[in-house]
Amino acid sequence: VISIRPMTPEEQVEHKRTVDSLRREAYAEAMKTLRTNVMFSGPGIQSVALTSYAAAEGKSTISFQLAASMAQAGKKVVLLEADLRKGVLASRLKVRGGVKGLSHYLTGLMPMDELLYETDVNGFFIVFSGPKVFNASELLSSKRFTDLLAKLDDMQKNVEFIAERSPQIIAEYRQKLSDKVHELLA
């Protein structure tokens, strides 16, 4: 290389747009691939829990995008934010007001019919985690949580798929969680 011509400000803006667009397209394609793999991973797969072994590995982002992708494919989907200690979806989605969620329901402070938040994606609903609790393991292994999953399967909205955004995995919780869902993605 003999010399390099610097980009003009207009070229820099266009270059950034192109790179950002390619990143978004690659990410969207990765979510479609994940959706397809989940849909064809076995007959009768209706619920998937996404978890990891460490914090900040993308559980919230991937579970949200997978659920949205399933809804865009025509499924009725509920994203259940089951991390009762570090729920982040309501703040990331900039939901205003006092968001009630799973912790309210599991402690008996609200009925199930107030639990679902509708998104702007047709057929996509979210159950936010609600306020932080310190007995999350007990609440998630309770009969009330098991009953909630059964109700979601039977509810009038005809839920076809449940994506669960779970806390980072620990040995005690792994067994409890895998008993309640069809697939566990870590």
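Values below: all heavy atoms of this structure, side chains included; hydrogens, waters and symmetry mates excluded. Throughout, residue positions are numbered sequentially from 1 according to the sequence presented. Given the structure is predicted, the values throughout are model-derived calculations rather than measurements.
- Residue D113 places its CG atom among more than 12 non-hydrogen atoms of other residues, nucleotides or ligands, all under 6.0 Å distant.
- Atom CG of L79 sits about 5.5 Å away from atom CD1 of I126, to the nearest 0.5 Å.
- The two atoms that bring L140 and L102 nearest to each other are CD2-CD2, 4.2 Å, heavy atoms only.
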CA sep, side-chain torsions, deciding dist, call: Q72, V121, side-chain contact (heavy atoms from CB on, under 4.5 Å): CA-CA 7 Å; Q72 289 166 344; V121 177; 4.0 Å; yes

Check against side-chain contact (heavy atoms from CB on, under 4.5 Å), L84 and N135: CA-CA 9 Å; L84 300 179; N135 60 340; over 6 Å; no

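- V95 approaches V99 most closely through the heavy-atom pair CG1-CG2, 3.4 Å.
- Nearest heavy atom pair, residue V77 against residue A71, reads CG2-N, 3.7 Å.
- With sequence neighbours left out, D147 forms a side chain to side chain donor-acceptor pair (under 3.5 Å) with K143.
- One distance of note links NZ of K59 with CG of D83; it measures 7.0 Å at 0.5 Å rounding.
- Remark: L148 CG to L80 CG distance equals 6.0 Å, nearest 0.5 Å.
- M112 and L149 end up in the same hydrophobic cluster when Ile, Leu, Val, Met, Phe, Trp and Tyr side chains are linked at under 4.5 Å.
- The two residues E81 and L89 come nearest to each other via the heavy atoms OE2-N, 3.0 Å.
- With sequence neighbours excluded, the residues satisfying side chain to side chain contact (heavy atoms under 4.5 Å, CB included) with T33 are E29, N37.
- For the ring pair (Phe, Tyr, Trp, His ring centres under 6.0 Å) test, residues two or more places apart in sequence or in another chain that qualify with Y117 are F128.
- Residue M70 holds its CE atom at 9.0 Å from OG1 of T36, rounded to the nearest 0.5 Å.
- Under the 4.5 Å side-chain heavy-atom criterion for ILVMFWY residues, a single connected hydrophobic cluster contains both F40 and L34.
- S129 approaches G87 most closely through the heavy-atom pair OG-CA, 3.3 Å.
- Taking every heavy atom of both residues into account, H104 and K100 meet most closely at ND1-CA, 3.4 Å.
- Here the CZ atom belonging to R35 is positioned 9.0 Å from the CG atom belonging to L66, to the nearest 0.5 angstrom.
- One distance of note links OG1 of T146 with NZ of K151; it measures 11.5 Å at 0.5 Å rounding.
- Judged by the 6.0 Å and 45° rule, R144 forms a cation-pi pair with Y105.
- Remark: S103 engages no residue in a side chain to side chain donor-acceptor pair (under 3.5 Å) (not counting sequence neighbours).
- Residues satisfying the side chain to side chain contact (heavy atoms under 4.5 Å, CB included) test with E118, not counting sequence neighbours, are F125.
- K94 is linked by a side chain to side chain donor-acceptor pair (under 3.5 Å) to nothing, counting only residues two or more places apart in sequence or in another chain.
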